[in-house]
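All remarks here apply to the structure that follows.
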Amino acid sequence: MEEWQQLLVDGINRSSQIPSEWRSTKEGVGQGDVEKTFPVRINAYYRSLIADPEGPIGRQVIPDPEEVLDFDSPVDPLGEDSDSPVPAIVHRYPDRVLFLVTNQCPIYCRYCTRKRMIGTPEGVVTRSEVEEGIEYIRTHPEVRDVILSGGDPLMLKDDYLEFILSGLRKIPHLEVIRIGTRVPSSLPQRVTPELCTVLKKYHPLFMNLHFNHPDEITPESSLACNMLADAGIPLGCQTVLMKGVNDDAGVLKKLFQKLLTIRVKPYYLYQADITRGANHFRTPVSTGIRIMKELQGHTSGMAIPHFVIDAPGGGGKVPILPPDYLVSMEDGDVVLRNYEGNVYTYPDASPSDDPVTGANEGKLPASGVGTVGERNGKGLGRP
Ligand SMILES: *Cc1c(COP(=O)(O)O)cnc(C)c1O
């Protein structure tokens with residue numbers, strides 16, 4: 001058995017293995033009741049990072065009775081099941097698909113958007129479903145980007161992962177392969193030289209990792225990221241904003257800055273989804289907006305992800321920016337406010353210089369947008 005497999009075996013895989021000082025009940029509900037709906041997995045490496053069960057690492061993985069006291073929220077908040085043409089594929093955007101290749105993860109995050117299927121017997125992804133997924137991409141020439149996800153694709157053994165990657169790479173119209181993975185932050189021992197040898201054969205291959213707190217950046221996770229980067233894989237990070245974990249500008253600034261030092265570029269900061277069993281992690285959207293304001297301009301643009309809300313019911317990701325920066329756009333002037341609160345005016349180019357709307361100027365129907373008339377349209381109003 002490889003080291004990473006042993007760490008999984010030696011971890012907490014049943015609620016009965018939870019140490020007594022981590023136990024909790026609420027309204028007569030215990031962690032054993034949670035386990036019946038949402039499985040438990042805290043591998044021995046991630047477990048070693050938990051100093052306090054109520055702390056930012058512990059909260060992410062220790063089952064909370066709260067999870068089964070919520071019956072009203074949707075199990076599939078993003079409407080993924082209805083955007084799924086074949087079982088393993090979610091095809092929502094024009095040119096890219098999600099490919100769910102496994103339902104196993106190195107840890108079972110309590111806030112998971114896909115907790116309806118992760119780690120459950122019903123959620124298992126079969127080899128024939130994976131083959132069907134590859135076939136779907138092969139027969140859909142508009143798909144130029146695939147995101148392997150799950151579950152965690154790096155939970156698959158090297159040869160099975162290579163079977164998937166090589167099958168995908170034979171598809172001429174598929175330009176980019178991405179892997180979404182929690183492995184480097186939660187089971188970095190899985191990143192072996194052999195794995196890197198497999199991955200580097202399938203470039204252009206990108207990875208989006210999943211770190212939520214600076215305490216997840218350890219010598220082990222740093223080494224894993226450096227090995228992946230040395231294999232030529234551009235690394236991004238998708239972070240979920242969560243109450244009691246990282247809903248603090250100082251914590252996130254430290255996380256994003258430290259990620260850059262291990263060659264990981266923060267990509268998305270997600271507003272937590274309205275997932276059944278995970279709502280106790282949600283923060284008000286205003287918290288995220290405030291945090292973005294506290295980052296923008298105060299640290300490198302390289303360290304700043306896009307803050308997005310994945311719109312309920314399948315609307316996809318919508319970027320949310322603090323409304324402060326664009327003060328007004330009228331009479332040819334764009335009025336801007338910078339991160340320090342100072343106001344500046346940028347004299348705009350004429351709308352007729354726009355290659356799309358400008359070229360059609362005068363040819364659009366009277367109701368056409370983007371013509372010169374817009375210049376005198378209603379601006380956002382001066383302060
Ligand atoms: C997030 C997501 C993608 C990828 O989105 P990007 O903005 O390109 O990273 C693709 N498909 C689905 C269904 C997604 O949720």
Side-chain angles (χ1 to χ4, degrees), residues 73-103 105 109 111-118 123 125 129-130 132-134 136-154 164-165 168 171 173-182 184 203-212 228 233-242 256 259 264-276 278 288 292 302 304-321:
S73 313
V75 287
D76 176 20
L78 308 179
E80 292 185 328
D81 296 342
S82 51
D83 272 342
S84 181
V86 297
I89 296 275
V90 181
H91 194 173
R92 169 168 307 149
Y93 294 108
D95 67 340
R96 55 207 188 281
V97 296
L98 270 186
F99 189 3
L100 308 177
V101 293
T102 173
N103 82 330
C105 284
C109 300
Y111 54 87
C112 180
T113 285
R114 295 199 194 103
K115 58 196 290 181
R116 67 184 184 282
M117 56 198 259
I118 298 308
V125 184
E129 285 170 340
V130 166
E132 201 184 351
I134 297 173
Y136 179 86
I137 296 167
R138 195 198 320 281
T139 52
H140 286 77
E142 70 275 21
V143 178
R144 42 161 293 287
D145 178 2
V146 60
I147 299 131
L148 302 188
S149 181
D152 195 316
L154 298 189
I164 298 172
L165 292 171
L168 290 170
I171 302 173
H173 59 262
L174 187 69
E175 296 172 0
V176 169
I177 299 175
R178 296 194 242 175
I179 295 178
T181 176
R182 182 67 150 123
H203 282 308
L205 178 83
F206 288 66
M207 269 193 194
N208 277 317
L209 316 182
H210 181 47
F211 285 82
N212 292 318
L228 293 167
I233 304 167
L235 303 175
C237 181
Q238 313 198 123
T239 298
V240 181
L241 182 56
M242 284 178 282
F256 298 149
L259 283 171
V264 179
K265 162 82 184 83
Y267 177 51
Y268 281 142
L269 175 65
Y270 286 103
Q271 171 70 15
D273 295 323
I274 310 176
T275 308
R276 188 178 304 172
M292 292 306 289
M302 286 287 290
I304 302 179
H306 299 283
F307 176 45
V308 295
I309 303 181
D310 217 330
K317 297 176 185 75
V318 180
I320 305 295
L321 273 170

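For ligands, and for the atoms within them, numbers begin at 1 and follow the listed sequence.
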Starting from atom 14 (C) of ligand 1, locate the nearest protein heavy atom and write down its residue, its atom name and how far away it is, to 0.1 Å.
Lys317 NZ, 3.0 Å
Got a donor-acceptor contact below 3.5 angstrom from the His210 side chain to the Gly180 backbone?
no
Check: Asp152 side chain, Arg182 main-chain N or O, donor-acceptor pair, under 3.5 Å
yes
I'd like to check Asp95 versus Glu142 (side-chain heavy atoms, cut-off strictly below 4.5 Å). Are they in contact?
no
Rounded to the nearest 0.5 Å, how far does OH of Tyr267 lie from CG of Leu259?
15.5 Å
Who's closest to atom 13 (C) of ligand 1 heavy-atom-wise, of Thr113, Leu78, Ile147, Leu98?
Leu98
Tell me which protein heavy atom sits closest to atom 10 (C) of ligand 1, plus the residue, atom name and distance to 0.1 Å.
Tyr93 CD1, 3.5 Å
What pair of heavy atoms forms the shortest contact from Met117 to Leu100, and how long is it?
CE-CD1, 3.8 Å
Tyr268 heavy atoms, cut-off 4.0 Å: which ligand 1 atoms fall inside?
6 (P), 7 (O), 9 (O)
At what distance is the nearest protein heavy atom to atom 6 (P) of ligand 1, and which residue and atom is it?
Tyr267 OH, 3.4 Å
Which of the ligand 1 atoms, numbered from 1, are nearer than 4.0 Å to a heavy atom of Val90:
13 (C)
Proximal atoms of ligand 1 relative to Arg178 (non-hydrogen, under 4.0 Å):
4 (C), 6 (P), 8 (O), 9 (O)
I'd like to know if Glu80 contacts ligand 1, where contact means a heavy-atom distance under 4.0 Å to any ligand atom.
no
Atom indices of ligand 1, in the order listed, that fall short of 4.0 Å to a heavy atom of Arg96
4 (C), 5 (O), 6 (P), 7 (O), 8 (O)
Under the side chain to side chain contact (heavy atoms under 4.5 Å, CB included) test against Met292, which residue among Ile320, Leu321, Leu269 passes?
Leu269
Which of these, Arg114, Arg116, Arg92, sits in a salt bridge (Lys or Arg N to Asp or Glu O under 4.0 Å) with Asp81?
Arg116
